[in-house]
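Numbers restart at 1 for each chain; the letters A, B, ... are given by sequence-line order, proteins then strands. In this text the structure is predicted, and so the values were computed from the model without any measurement.
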4 protein chains.
Amino acid sequence: MARKREGDKRRRILAAATKVFAKKGYFAAKVSEIARKAGVADGTIYLYFRSKEDILVSLFDEVMSEHVERAREELGAVEGAAARLQAIASHHLRVLGSDRDLAVVFQVELRQSTKFMERFSSTWLRSYFDLVGEVVEQGQREGVLRTEVPIKLATKAFFGILDEMVTSWVIAGRETDLTLLAGPLCDLFLRGAAHPDAAASRARPALQPVAAARGGR
Amino acid sequence: MARKREGDKRRRILAAATKVFAKKGYFAAKVSEIARKAGVADGTIYLYFRSKEDILVSLFDEVMSEHVERAREELGAVEGAAARLQAIASHHLRVLGSDRDLAVVFQVELRQSTKFMERFSSTWLRSYFDLVGEVVEQGQREGVLRTEVPIKLATKAFFGILDEMVTSWVIAGRETDLTLLAGPLCDLFLRGAAHPDAAASRARPALQPVAAARGGR
Amino acid sequence: MARKREGDKRRRILAAATKVFAKKGYFAAKVSEIARKAGVADGTIYLYFRSKEDILVSLFDEVMSEHVERAREELGAVEGAAARLQAIASHHLRVLGSDRDLAVVFQVELRQSTKFMERFSSTWLRSYFDLVGEVVEQGQREGVLRTEVPIKLATKAFFGILDEMVTSWVIAGRETDLTLLAGPLCDLFLRGAAHPDAAASRARPALQPVAAARGGR
Amino acid sequence: MARKREGDKRRRILAAATKVFAKKGYFAAKVSEIARKAGVADGTIYLYFRSKEDILVSLFDEVMSEHVERAREELGAVEGAAARLQAIASHHLRVLGSDRDLAVVFQVELRQSTKFMERFSSTWLRSYFDLVGEVVEQGQREGVLRTEVPIKLATKAFFGILDEMVTSWVIAGRETDLTLLAGPLCDLFLRGAAHPDAAASRARPALQPVAAARGGR
DNA sequence: GATGAATGAGCGTTCATTCAT
DNA sequence: GATGAATGAACGCTCATTCAT
């Protein structure tokens, strides 16, 4: 490992960890391998991180804080609920689709345990859900989105669709362009799968906006 | 350790493993704890399973083979794409919503490594996707579903929504009834989030049914 | 394993154990494999032997008691120390040379530990040494063997030569006829390696029949 | 645990292993006991050795490479086959006779499996046999040793005698001086057990220098 | 006697973490 | 700050032995 400029050790460790976690999985990843790949001594890792787990958590915190922030910025220039949802989707797919190792860590390794999941859910996922939720709510206020659809439900569904696209892409391992999915995906989310004229699509209206559908996570 | 009935040792081990995996996570789960909870000796586990990993894989294989089969049976009595999708959703939410420990194992533990994910994706998830895909395709042929939506995309989206609902429910830990979400969720999937009259919902039609959208997983 | 006549279970177990010990080594040999090869249930072994170790010890005791006895019988018909030593060597090489598995067990597995070695040395090896020692002593009394050679030393040397021939044969794994060595081996033992006329062979007479040379083992 | 000098950890582990292997036997020896006796942590062992087996093999390789080399050196100053054989015997008995634990490991533990035996036979034992064989061959060329005795047979016999002396000494456990046996042992090997005048010693000449007697090991 | 399912003690090895240099 | 040798707790798995049938 070439000695890069000084002081970027922390970044180098995180970069190395992303690769190792992606290749081996969190538990099978050895701290000494991360150290080797980062070009530092084993002990040095502990000058920057409290523990192996802290590396994973930091990885996630730092990537997320940057990207949720950037997503908000990008939204600033966009008008209308539909376009804004599409912007969020594009951003989501672009960030993860441009770094497979990072995507593996986010789609697979971070879901190791309920502990990580809970931490994940209560921090950045909450703020991401808030972001989407605000767009949905605004869309409903503006009359662009149907008010019968519970906001929480719509938010989770939107995230669920995005998440599944990324996971499929990670597992398939093929070199396709994830961002191309943003358009079709938003179209489906907004207009639905049903043909508008079909009686079927009205057969079963959402009678009860159920409690569970409002449950935060 | 009380000697219970007979021959149900295997079942008892799987039940105990489900609880322990759910509480501790796969890696932190100790084989001896599973044995203790199942009321058998440590070594007995290895009369029924090849390894700790084999317990997890068997858990998943057995639950799945039973439930995919049952889902197909339930579909037999249902007519129309919309109703059939709703039946699938109900079944999915009912199975996982009725056993939180099992849901934790499926939503969290089985996803802890690309190895499990790949196995998971190439077996039962594939057959589940086939099931949903057939319903969507049939719906399109019958003119009930829009043909502009790529089948693979619709399938993954439908699964992604369901999956996220279950994961949210698992993480939130609240005692809500998951099955109540089947109706609203299908309504959203079929009719979309957008108000049908809104120009917005037509603003960005799915121009290109992209290659990626067809990628299997 | 075909069910042979009844009651020979013990013999079948010993025969199976010989094969398994020879192939895997004592520690790596599994009792269940011996049972399978003997055509009995695992538990049955414990009706005939106290423990796995007891199988090895019994193997050795029974084979030995039979063969030391038979060696004595064969000696009955032989006159003269030289011929008797040759008879012993022939018998030794014939017994072990005719059953490679048995030879492996005797040359290798029985030397597992000082515990086995001590047991081995204090029982049949002692009686075997006694047998050889008597022949040597008699030979000295009759003036056929040199009295300067301590009896214990000659006895051990004779055994050491035989033992090394068998071990070499076991390790080499080649299909040679061990018994052919009896003649040359006795010739060497009796007449020595040196040319009788060479001064060298007299250069260093055994001045002190040392204490250690008399040590029993 | 007292931190002794430095870098001698490897040596300390080997020394501790020799003692533990000698007392308990290889299989019964616990790595943690070796560690305790060596004054290091369990894990430290694995910084110096790949496995428990590697400790035993290293023990043997290192002791041997040193002593075979030293034996060759000592031979440099000695003239004549008889004296050279005696030098080899003295060296052999001195090395093993000066460290009972080491002798136990060499005479007993290293022979516990065909695997070890084969390794043992194909490496240092081969070079040791070569050493003895050269001396014998030279002796025959010089007319000091009888050419009727096959070289391989003489070599194995010489080793067999030495080996049996050491094994007897190890098992007997008495505090005798092994090296005192070198003289009498060589006398017996060279001049034979028979009285030179006795007809007996010529009764059975080595008619056929048999194939088996030439088999390498 | 015979069975073989069940037992559970036992251990080699790994690897995250520490700390003297 | 940086190092990397040393630590030692932790655990999956095996297999000789038992005993209810």
Side-chain angles (χ1 to χ4, degrees), chain A residues 3 6-7 9-10 26-36 38-55, chain B residues 1 3 6-7 9-10 13 26-36 38-55, chain C residues 3 6-7 9-10 13 26-36 38-55, chain D residues 1 3 6-7 9-10 13 27-36 38-55:
Chain A
R3 256 338 105 83
E6 241 320 319
K9 283 216 174 72
R10 187 187 166 89
Y26 175 75
F27 278 95
K30 289 178 233 164
V31 171
S32 61
E33 190 180 348
I34 296 174
R36 185 159 36 77
V40 301
D42 290 19
T44 305
I45 298 235
Y46 291 85
L47 295 175
Y48 295 94
F49 301 94
R50 252 189 316 286
S51 65
K52 182 183 171 184
E53 183 179 319
D54 188 41
I55 302 176
Chain B
M1 283 296 124
R3 213 51 52 86
E6 221 323 303
K9 284 217 173 68
R10 188 190 166 88
I13 293 169
Y26 175 74
F27 278 96
K30 282 176 266 173
V31 171
S32 59
E33 189 178 349
I34 296 174
R36 185 157 34 76
V40 300
D42 289 21
T44 304
I45 300 234
Y46 293 87
L47 294 177
Y48 295 93
F49 302 94
R50 256 187 312 285
S51 64
K52 182 182 170 185
E53 181 179 323
D54 188 41
I55 303 177
Chain C
R3 247 354 97 80
E6 242 319 319
K9 283 213 173 78
R10 187 188 168 89
I13 292 169
Y26 175 75
F27 278 95
K30 290 177 230 162
V31 171
S32 60
E33 190 180 347
I34 296 174
R36 184 159 35 76
V40 299
D42 290 21
T44 304
I45 298 232
Y46 292 84
L47 295 175
Y48 295 94
F49 301 94
R50 253 189 315 286
S51 65
K52 181 183 172 183
E53 183 179 321
D54 188 39
I55 302 176
Chain D
M1 282 299 120
R3 215 46 59 85
E6 221 321 303
K9 284 216 173 68
R10 188 189 166 88
I13 293 168
F27 279 96
K30 282 177 268 175
V31 171
S32 59
E33 189 179 349
I34 296 174
R36 184 159 33 78
V40 302
D42 289 19
T44 304
I45 300 234
Y46 292 86
L47 294 177
Y48 296 93
F49 302 93
R50 258 187 313 286
S51 63
K52 182 183 170 185
E53 181 178 324
D54 188 41
I55 303 176

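For the atom pair C:I13 CD1 and C:L47 CG, the distance stands at 8.0 Å (nearest 0.5 Å). We find the CZ-NZ distance between D:R36 and D:K30 to be 8.0 Å, quoted to the nearest 0.5 Å. Here the straight-line distance linking atom CZ of B:F49 with atom OG1 of B:T44 works out to 11.5 Å at 0.5 Å rounding.
Residue D:A29 is in sugar-phosphate contact alone, with no base atom involved, counting any heavy-atom pair closer than 4.0 Å across all strands shown.
Here the P atom of nucleotide E:dT14 and the CZ atom of D:F49 are 15 Å apart, to the nearest Å. The interatomic distance linking C:E53 (CD) with F:dC15 (C1') rounds to 16 Å, in whole Å. One interatomic measurement links the two molecules: CZ of B:R10 to C1' of E:dA5, which rounds to 16 Å at whole-angstrom precision. If you take NZ of C:K52 and C1' of F:dT14, they are 11 Å apart, rounded to a whole angstrom. D:R36 has its CZ atom 13 Å from the P atom of F:dG8, to the nearest Å. If you take CD of D:E33 and P of E:dG12, they are 10 Å apart, rounded to a whole angstrom. As rounded to whole Å, 8 Å separates atom P of E:dA16 from atom CD1 of A:I34. Here F:dC13 presents its C1' atom at 12 Å from NZ of C:K30, a figure rounded to the nearest Å.
Residue B:V40 has its side chain nearest to E:dT7 when only E:dT7, F:dA5, F:dG8 are considered. You'll find that the side chain of C:S51 is closest to F:dT17, out of F:dT17, E:dT7, E:dG4. Listed nucleotides F:dA6, F:dA16, E:dC15 differ in distance to C:V31; the shortest reach to its side chain belongs to F:dA16. Taking every side-chain heavy atom of B:L47 into account, E:dA6 is the closest of E:dA16, F:dT3, E:dA6. Distances from the side chain of C:D42 to the nucleotides F:dT17, F:dA6, F:dG12 place F:dT17 closest.
Between E:dA2 and C:K9, a contact under 4.0 Å exists linking OP1 or OP2 to a side-chain N or O. A close approach under 4.0 Å does not occur between any side-chain nitrogen or oxygen of D:Y46 and OP1 or OP2 of E:dC15.
Both A:A41 and C:R50 sit near DNA chain F, but only A:A41 has its closest nucleotide nearer the 5' end. Each of D:I45 and C:T44 has a nearest nucleotide on DNA chain F; the 5'-most of these lies closest to D:I45.
A cation-pi arrangement is absent between D:K52 and D:Y46 under the rule of less than 6.0 angstrom and at most 45 degrees off the ring axis.
Using the Watson-Crick or G-U wobble rule with both distances under 3.5 Å, F:dT14 pairs with E:dA9. As the counterpart of F:dC19, E:dG4 is assigned, both hydrogen-bonding distances of the Watson-Crick or G-U wobble pattern falling under 3.5 Å.
Proximity of a side-chain donor or acceptor of D:Y48 to a complementary backbone N or O of D:I55 within less than 3.5 Å is not detected.
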